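This report refers to the structure that appears directly beneath it.
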Number of protein chains: 2
Amino acid sequence: MLIYNLLCIGIDMINIGICGLGTVGQSSLEHIVKFKDEIRSNVSANFRISHVADLDIESKNLNGLDVITTNNAMDLAKNPDISIIIELIGGTTVAYEVVSESIKNKKHVITANKALIAEHGDKIFKLAKEANIFFGFEASVAGAIPIIKALTHNMLNEKIFSIFGIINGTCNYILDQMATKNLDFKTALAEAQSLGYAEADPSFDIGGNDAAHKISILASLIYKIPLPYKKTYIEGIESISSMDIKYSDELGYTIKHIGVTKENNDLVECRVHPMLVPKDNILSQVHNVMNAVLVSGERFGSSMFYGHGAGGDATASAVIANLVEAINFDQNIDRTNLKISESIGTKNKKIKEIDDIENSFYIKIHAKDVTGVMAEITNILAKENINIEAVTQHEPNESGSLIPIVMITDSVLGSSINKAIKKIKCLDNVKGEINSIRVLKLHG
Amino acid sequence: MLIYNLLCIGIDMINIGICGLGTVGQSSLEHIVKFKDEIRSNVSANFRISHVADLDIESKNLNGLDVITTNNAMDLAKNPDISIIIELIGGTTVAYEVVSESIKNKKHVITANKALIAEHGDKIFKLAKEANIFFGFEASVAGAIPIIKALTHNMLNEKIFSIFGIINGTCNYILDQMATKNLDFKTALAEAQSLGYAEADPSFDIGGNDAAHKISILASLIYKIPLPYKKTYIEGIESISSMDIKYSDELGYTIKHIGVTKENNDLVECRVHPMLVPKDNILSQVHNVMNAVLVSGERFGSSMFYGHGAGGDATASAVIANLVEAINFDQNIDRTNLKISESIGTKNKKIKEIDDIENSFYIKIHAKDVTGVMAEITNILAKENINIEAVTQHEPNESGSLIPIVMITDSVLGSSINKAIKKIKCLDNVKGEINSIRVLKLHG
């Protein structure tokens, strides 16, 4: 160990420790080896992966790399030889300990861990600011899409109106397959699982939690508020049926799972849910597992960033972009990252309740085929001041069964829609669940 | 003047001079005034617009701003009080003098001038490197889209396969209107002119020169070659007919004007021309005047950046992003910009001739409705080893007139297609011009 250190740790040699050698960790290692020259041309110091930690390090392929290995990531967090820690352990327990210990020891930290930031970001950014270190998380939102860089370095010089993002590849794949192949939810989910696009337990993705982690990171970044994850409204895609997709299509919309953050008068919206996206909005054209983030600002207008949101190589490319920044930070060539740690959490803005947020809504009601039922429904909507923009009545799915009625409303409060739906449900001629989905009205 | 300087030029006050108060200049001025707090939060020094130059400065509205004005931009380039020059004069004569004089005087320079960089970039980057100053040109390619930042700071850590860009809003608007409203080229151009999307003399945009400027900047950036503008193949959209658009649509393609740069085995392609883009490629969904740049890399896969490519406010937002960088550069907070000036032109790679580049082609031939003509055409193609992927025969436009035959070929050399077209033209049963358009085969 001593001889190793004497031989290798020279002047201007920056030692990097990778914690966690899963798909992204392995790919990051490969990337650094394969493209060392390209990376080297973007920095002004020598660097190398000096240490690697993984619970199951014995089984990992290190491509004959001369690195020190350990099962315990905390060894790396405490090792004074290491300047940069790449945390790819995942989860919020060990990862949090490793990251906070690393920062306390004045190491620069790079992570792809959205859960960690969404849940512990306030503490981490505070630590990073105090320790004066680099904290990079480009890979935590939308994988290879350089959305963190674009926002922090190009777009935050004006008022940002909103972000609408397709930021969960699993949801997008399932909805896209349902739409293009006319599959039902369960079949599309099974297909996603067989292709590795969905986990065995898919609830975290399809339930919206993963997207909520990501949108809360973007919200805190652009509005400089504490991480709003706990106040984020979360709705998944489990209740979207192939009928909803078909009816939406007929009305000119594609259903996507969208993360939304907006600000107006110091009130911030932060939410994830399915949305009907107009087909002339470019977000509707994001297919398969691809991600896309549409940002609207007062001066630049609308910009969209599109790319691979997951996968080892794509995520690793974002980790490597951060690595270049971390090395340049360490060498006092680029200290801009500090602005991020310094600004997040400095503004205290109220997060709006979902009931207080206005949206246009798609509503699907199943009613008996009797005269007067439409009048009953529209009377209830009128009483809640809900205007109807479009209404279509469909053939029953099976002969003699209920008639699906589909409506698109004007922009109304979430609370009004809920009240109206409650009342409509009580009608004798209305049966079963009433499905409501928000409609995106912004033209991107 | 003396009192002014004593009062205003204190410690850490960075003086900025704007040269050229056209649409972008005026908008940059407004942006800095309106969003001073937002910009200030991203830098660590005070700044102000101290000087403004415009040939017609007397007629300009300065919003009551306390600035020193002049008709002569060279006054600003020589003024030792100014640290940052924003060049928005346009053209390549005065602008070049102002920029090179400014750099020689150790001023940081920001420009939106693509012609200037495409034509004089090699000299300018050399000067910038020697003077150790910031040279920013984010606004020169695709307006508000932060493509320069994304490439230089996030994507150049691996092998970049290609860029395909819709980088001229005028061309995109005209082709999009032709496709969606079934207009002919002249009508669509007239509409673009009436809306201010095309100049009175539109040749620079519709002829492809503007796009060629931009793609050559991107090529030199990603492949580190000298500016390849003079070797860039340039083809405009003047010969695209509404029939081409209709036939392409039937085959599943949308026609777009695309800037392309690619590299393989140290051979670089740099070209702009119309292309048939498959409808399942997201580039085909870029409508109106919007721009989009699709970048493909070995690790991140395909990423697309979409936004406003022109217009005062959008372009100014990119100028302001550079301004923040320039201030941080000046304050030694972010010196990464030097890597750009240092790297451009360091690699000498051959630019491929258009004849030596392979593409799939769309070919439209007008032939007499006689037996044997199709065999004559396909025989010629076979002799040049050109395989046909799809062929459609259309109804004549007018009764008794020629029959349009449309083919999509496999990937072949430009020289082979030219040879074949020359021979086909000589056939007795073939009349008039033969239109050939390249086909994009990459799935983005």
Side-chain angles (χ1 to χ4, degrees), chain A residues 27 30-31 34-35 38-39 41-44 138 143-146 149-150 152-159 224 280 282 284-287 290 292 294-295 297-308 311 313-314 316-318 320-321 323-325 328 332-336 338-339 343 444, chain B residues 27 30-31 34-35 38-39 41-44 138 143-146 149-150 152-159 224 280 282 284-287 290 292 294-295 297-308 311 313-314 316-318 320-321 323-325 328 332-336 338-339 343 444:
Chain A
S27 185
E30 280 169 26
H31 191 137
K34 181 160 189 188
F35 294 105
E38 282 79 0
I39 299 170
S41 74
N42 295 321
V43 298
S44 303
E138 185 66 74
I145 301 174
K149 190 76 179 179
T152 54
H153 283 73
N154 294 74
M155 304 172 98
L156 293 187
N157 303 306
E158 65 190 81
K159 179 166 176 54
K224 305 184 177 178
D280 64 356
I282 194 156
S284 73
Q285 305 298 328
V286 177
H287 298 294
M290 302 304 280
L294 181 68
V295 191
E298 184 169 329
R299 311 287 286 192
F300 60 76
S302 284
S303 292
M304 191 185 79
F305 304 86
Y306 163 95
H308 289 274
D313 289 356
S317 85
I320 303 305
L323 178 63
V324 167
E325 284 187 276
N328 283 331
N332 285 318
I333 288 166
D334 179 5
R335 304 287 293 179
T336 51
L338 270 182
K339 290 277 174 201
S343 73
Chain B
S27 185
E30 279 168 26
H31 190 137
K34 181 159 188 188
F35 294 105
E38 281 79 1
I39 299 169
S41 73
N42 295 321
V43 297
S44 302
E138 185 66 74
I145 301 174
K149 190 77 181 181
T152 54
H153 284 71
N154 294 74
M155 304 172 98
L156 293 187
N157 302 307
E158 65 189 85
K159 179 165 176 55
K224 304 185 178 176
D280 64 355
I282 194 157
S284 73
Q285 305 298 329
V286 176
H287 298 293
M290 301 306 277
L294 181 68
V295 190
E298 185 169 328
R299 310 290 286 192
F300 60 75
S302 285
S303 292
M304 190 184 81
F305 303 85
Y306 162 97
H308 289 274
D313 289 355
S317 83
I320 303 305
L323 179 62
V324 166
E325 283 187 276
N328 283 331
N332 285 320
I333 289 167
D334 179 5
R335 305 286 294 178
T336 51
L338 272 182
K339 289 276 173 201
S343 73

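Throughout, protein chains are lettered first and strands after them, A, B, ... in sequence-line order, and every chain is numbered starting at 1. Nothing here was measured: the structure is a model prediction, and the numbers come from that model.
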Kindly compute the distance separating CD1 (B:I282) from CD1 (A:I282), expressed to the nearest 0.5 Å. 4.5 Å
Quick one: do the B:K339 and A:S44 side chains pair a donor with an acceptor below 3.5 Å? yes
Could you tell me whether a side-chain N or O of B:H31 sits under 3.5 Å from a main-chain N or O of A:N157, the two making a donor and an acceptor? yes
Could you tell me if the side chain of A:F300 sits less than 4.5 Å from the side chain of B:P146, heavy atoms only? no
Examine whether an atom of A:S343 lies under 4.5 Å from a heavy atom of chain B, and if so say whether it belongs to the side chain, the backbone or both; otherwise answer neither. neither
Highest number of heavy-atom pairs under 4.5 Å with chain B among A:K159, A:E325, A:E138, A:E158 belongs to A:E158
Part of A:S284 lying under 4.5 Å from any heavy atom of chain B: neither
A:E30 versus B:R299: any side-chain heavy-atom pair under 4.5 Å? yes
Distance-minimising heavy-atom pair for B:A144 and A:S303: O-OG, 4.4 Å
Which bit of B:K34 is near chain A, if near means a heavy-atom gap under 4.5 Å: side chain, backbone, both or neither? side chain
Determine yes or no for a side-chain-to-main-chain donor-acceptor pair under 3.5 angstrom, with A:D313 supplying the side chain and B:G301 the backbone. no
Given A:A292, A:A314, A:G297, A:G311, the one with more heavy-atom pairs under 4.5 angstrom with chain B than any other is A:A314
With a 4.5 angstrom heavy-atom cut-off, could you sort out which part of A:V43 is near chain B: side chain, backbone, both or neither? backbone
Interatomic spacing from NZ in B:K149 to CE in A:M155 - rounded to 0.5 Å: 13.5 Å
Minimum heavy-atom distance between B:S302 and A:H308, given as atom pair plus value: N-CD2, 3.7 Å
